[in-house]
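Down below is the structure, laid out as structure tokens.
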Amino acid sequence: MSEQNNKRWFSLNLGKAKKQEFYSCSCGKTAGSCGSHEEAKDGFDQVFDVKMNRRTAFKQLTASLMIGAGAVSTSCSMIAGNDRKEKAQIDWEEQFKGNYKLMTVEEKKATVDRLVRSYQLRKGKTISMSSKDAEEGVLFGYAFNISKCQGYMDCVNACVEENNQDRNSQMQYIRIHEMKDGKGFNFNEADDNYYHEVPAEGHFYMGTQCFHCDNPPCVEVCPVQATWREEDGLVVVDYDWCVGCRYCMAACPYDGRRFNWSTPEVPEEEVNKDQHYLGNRMRKKGVMEKCTFCVQRSRAGKNPACVDACPTGARIFGNLLDPNSTIRWVLENKKVFRLKEDLGTEPKFWYFMD
């Protein structure tokens with residue numbers, strides 16, 4: 001069907017729908033009279049986590065357009081009661097929202113409120129989602145004490161749970177590298193998937209994740225501006241704006257980006273319901289994910305989950321602009337270094353040893 005015929009088909013069917021007082025389903029019964037049909041699943045992946053093919057997606061979009069135009073009031077296959085109408089309205093508004101970076105404060109709040117309500121309608125559960133912006137006088141930084149890390153991976157587990165990472169693919173934002181003594185920082189020879197008692201004799205451990213660079217190459221290559229650096233130094237991603245091209249993954253020199261090949265699945269009882277729009281909210285399939293220094297925690301005055309979970313105190317986090325912070329003390333009193341400093345990315349992640 002050509003584009004012109006597509007438009008004509010839509011116009012004709014929209015006009016017919018407007019003339020009908022009730023919308024009938026395929027069984028021939030009017031809305032509300034058919035109880036044998038399974039309720040249609042509304043929305044797209046980012047709102048309702050529904051898997052669909054191109055044909056189904058086109059049908060859903062057409063239905064949403066008709067609902068948004070007021071052409072259809074009720075349908076036993078699309079809407080069942082006020083909740084279904086509200087879901088359809090949320091779907092309509094989500095489809096046409098803009099880039100979060102360009103939203104006003106009021107638009108950000110409305111977007112967050114929609115997602116909170118959507119979750120409540122779908123799951124019958126309540127989540128808390130923040131749209132808190134960066135605060136003035138705050139620049140986050142991180143330090144890692146190589147001498148103290150014993151390779152326990154408590155940090156990795158805490159990160160997975162805190163950030164609602166997919167359990168099926170075992171996605172991990174943090175990686176702990178087991179490296180041999182005397183080999184220097186040779187990541188090519190490091191073991192990132194060790195399954196033995198730690199610490200292993202003759203080895204040391206280093207953690208890597210997103211380093212939240214001041215000059216992030218990942219931001220420069222994004223063709224749709226779905227990722228950017230915030231005023232407090234956090235490099236974030238708008239999951240709904242990301243097109244999954246993975247240019248940022250290729251550009252990152254620190255292996256800090258992750259691509260989800262399937263819709264992240266987290267058991268309902270394990271979902272962290274304290275969320276931030278730019279952080280650990282549930283993601284759709286086919287987008288980039290990464291460490292955000294737990295934006296939902298850090299902007300609330302807490303440490304990232306990995307810092308609190310570390311049993312040896314190897315991880316230090318804080319405000320680089322606060323002269324009394326622990327992170328500042330480390331930078332001023334320890335011999336610190338950063339990976340690949342010659343690239344000019346200015347990562348805000350330092351390493352040091354006692």
Test item: [X] side-chain N/O and [Y] main-chain N/O as donor-acceptor pair under 3.5 Å:
{"X": "Lys348", "Y": "Gly233", "answer": "yes"}
{"X": "Tyr152", "Y": "Pro199", "answer": "no"}
{"X": "Glu332", "Y": "Trp329", "answer": "no"}
{"X": "Thr227", "Y": "Val236", "answer": "yes"}
{"X": "Asp192", "Y": "Glu178", "answer": "no"}
{"X": "Asn260", "Y": "Val287", "answer": "yes"}
{"X": "Tyr142", "Y": "His212", "answer": "no"}
{"X": "Asn164", "Y": "Asn280", "answer": "yes"}

Does the pair [X]/[Y] count as a salt bridge with the N-to-O cut at 4.0 Å?
{"X": "Lys302", "Y": "Asp308", "answer": "no"}
{"X": "Arg328", "Y": "Asp322", "answer": "no"}
{"X": "Lys180", "Y": "Glu189", "answer": "no"}
{"X": "Glu289", "Y": "Arg257", "answer": "no"}
{"X": "Arg229", "Y": "Glu220", "answer": "no"}
{"X": "Asp91", "Y": "Lys87", "answer": "no"}

Measure the [atom1]-[atom2] distance between [X] and [Y] for me, rounded to the nearest 0.5 Å.
{"X": "Lys340", "Y": "Thr345", "atom1": "NZ", "atom2": "OG1", "value": "9.0 Å"}
{"X": "Lys101", "Y": "Leu278", "atom1": "NZ", "atom2": "CG", "value": "11.5 Å"}
{"X": "Cys294", "Y": "Asn163", "atom1": "SG", "atom2": "CG", "value": "4.5 Å"}
{"X": "Ser128", "Y": "Asp274", "atom1": "OG", "atom2": "CG", "value": "5.5 Å"}
{"X": "Phe349", "Y": "Phe144", "atom1": "CZ", "atom2": "CZ", "value": "6.5 Å"}
{"X": "Arg258", "Y": "Gln172", "atom1": "CZ", "atom2": "CD", "value": "8.5 Å"}

(request) For the pair Phe259 and Trp261, name the ring-plane relationship: parallel under 30°, tilted 30 to 60°, perpendicular over 60°. (result) perpendicular
(request) Please work out whether the ring planes of Phe211 and Tyr254 are parallel, tilted or perpendicular, with thresholds of 30° and 60°. (result)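 Phe211 and Tyr254: tilted rings.
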Using ring-ring contact (aromatic ring centres under 6.0 Å, His included) as the criterion, list what pairs up with [X], not counting sequence neighbours.
{"X": "Tyr239", "answer": "none"}
{"X": "Tyr173", "answer": "none"}
{"X": "His203", "answer": "none"}

Do the side chains of [Y] and [X] get nearer than 4.5 Å, heavy atoms only?
{"X": "Asn99", "Y": "Gln225", "value": "yes"}
{"X": "Lys148", "Y": "Arg315", "value": "no"}
{"X": "Gln150", "Y": "Val198", "value": "no"}
{"X": "Phe352", "Y": "Asn333", "value": "no"}
{"X": "Tyr119", "Y": "Lys273", "value": "yes"}
{"X": "Tyr100", "Y": "Ser131", "value": "yes"}
{"X": "Met206", "Y": "Ile176", "value": "no"}
{"X": "Glu135", "Y": "Arg299", "value": "no"}

Residue pair [X] / [Y]: nearest heavy atoms and the distance that separates them:
{"X": "Val221", "Y": "Cys218", "answer": "CG2-O, 3.4 Å"}
{"X": "Ala314", "Y": "Cys149", "answer": "CB-N, 3.7 Å"}
{"X": "Pro253", "Y": "Leu343", "answer": "CB-CD1, 3.6 Å"}
{"X": "Pro304", "Y": "Phe317", "answer": "CD-CD2, 3.3 Å"}

(request) May I ask you to check whether Phe140 and Phe293 place their ring centres under 6.0 Å from each other? (result) no
(request) Measure from the ring center of Tyr205 to the ring center of His177 and say whether it is less than 6.0 Å. (result)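 No, the ring of Tyr205 stays outside the 6.0 Å limit from the ring of His177, centre to centre.
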Would you say the side chains of [X] and [Y] form a donor-acceptor pair under 3.5 Å?
{"X": "Asp354", "Y": "Asn145", "result": "yes"}
{"X": "Glu265", "Y": "Asn168", "result": "yes"}
{"X": "Trp92", "Y": "Glu94", "result": "no"}
{"X": "Glu162", "Y": "Gln296", "result": "yes"}
{"X": "Ser118", "Y": "Arg122", "result": "yes"}
{"X": "Thr263", "Y": "Arg283", "result": "no"}

Treating Ile, Leu, Val, Met, Phe, Trp and Tyr as nodes and any side-chain heavy-atom pair under 4.5 angstrom as an edge, say whether [X] and [Y] lie in one connected cluster.
{"X": "Val138", "Y": "Val330", "result": "no"}
{"X": "Ile174", "Y": "Phe187", "result": "no"}
{"X": "Val112", "Y": "Val295", "result": "yes"}

(message) Checking one residue: Val219. Which other hydrophobic residues are in its cluster under the side-chain 4.5 Å linking rule?
(response)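 Under the 4.5 Å side-chain rule, Val219 groups with Val235.
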(message) Taking salt bridge (charged side-chain N to carboxylate O under 4.0 Å, His left out) as the definition, give me every residue that meets it alongside Glu270, ordered by chain and number, with sequence neighbours left out.
(response) Arg167
(message) Between Glu86 and Arg117, is the side chain to side chain contact (heavy atoms under 4.5 Å, CB included) condition met? List the steps.
(response) CA-CA 9 Å; Glu86 187 176 359; Arg117 179 57 178 160; 2.7 Å; yes
(message) Quick one, Arg175 with Asp255, criterion salt bridge (charged side-chain N to carboxylate O under 4.0 Å, His left out). Give me CA distance, side-chain angles, the key distance, then yes/no.
(response) CA-CA 9 Å; Arg175 288 193 176 143; Asp255 189 30; 2.2 Å; yes
(message) Cation-pi check for Tyr277 against Arg281: NZ or CZ below 6.0 Å from the six-membered ring centre and within 45 degrees of the axis, yes or no?
(response)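 Relative to the ring axis of Tyr277, which defines the angle, Arg281 lies inside both limits.
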Any chance [atom1] of [X] has more than 12 other-residue heavy atoms, nucleotides or ligands included, within less than 6.0 Å?
{"X": "Glu268", "atom1": "CD", "value": "yes"}
{"X": "Glu269", "atom1": "CD", "value": "yes"}
{"X": "Glu346", "atom1": "CD", "value": "yes"}

Let me check something: any side-chain donor-acceptor pairs from residues 241-250 under 3.5 Å, sequence neighbours excluded? List them with distances.
from: Trp241; atom 1: NE1; to: Val224; atom 2: O; distance (Å): 3.0

(request) Test salt bridge (charged side-chain N to carboxylate O under 4.0 Å, His left out) on Lys109 and Asp113 and set out the steps. (result) CA-CA 6 Å; Lys109 183 180 184 304; Asp113 289 345; 2.8 Å; yes
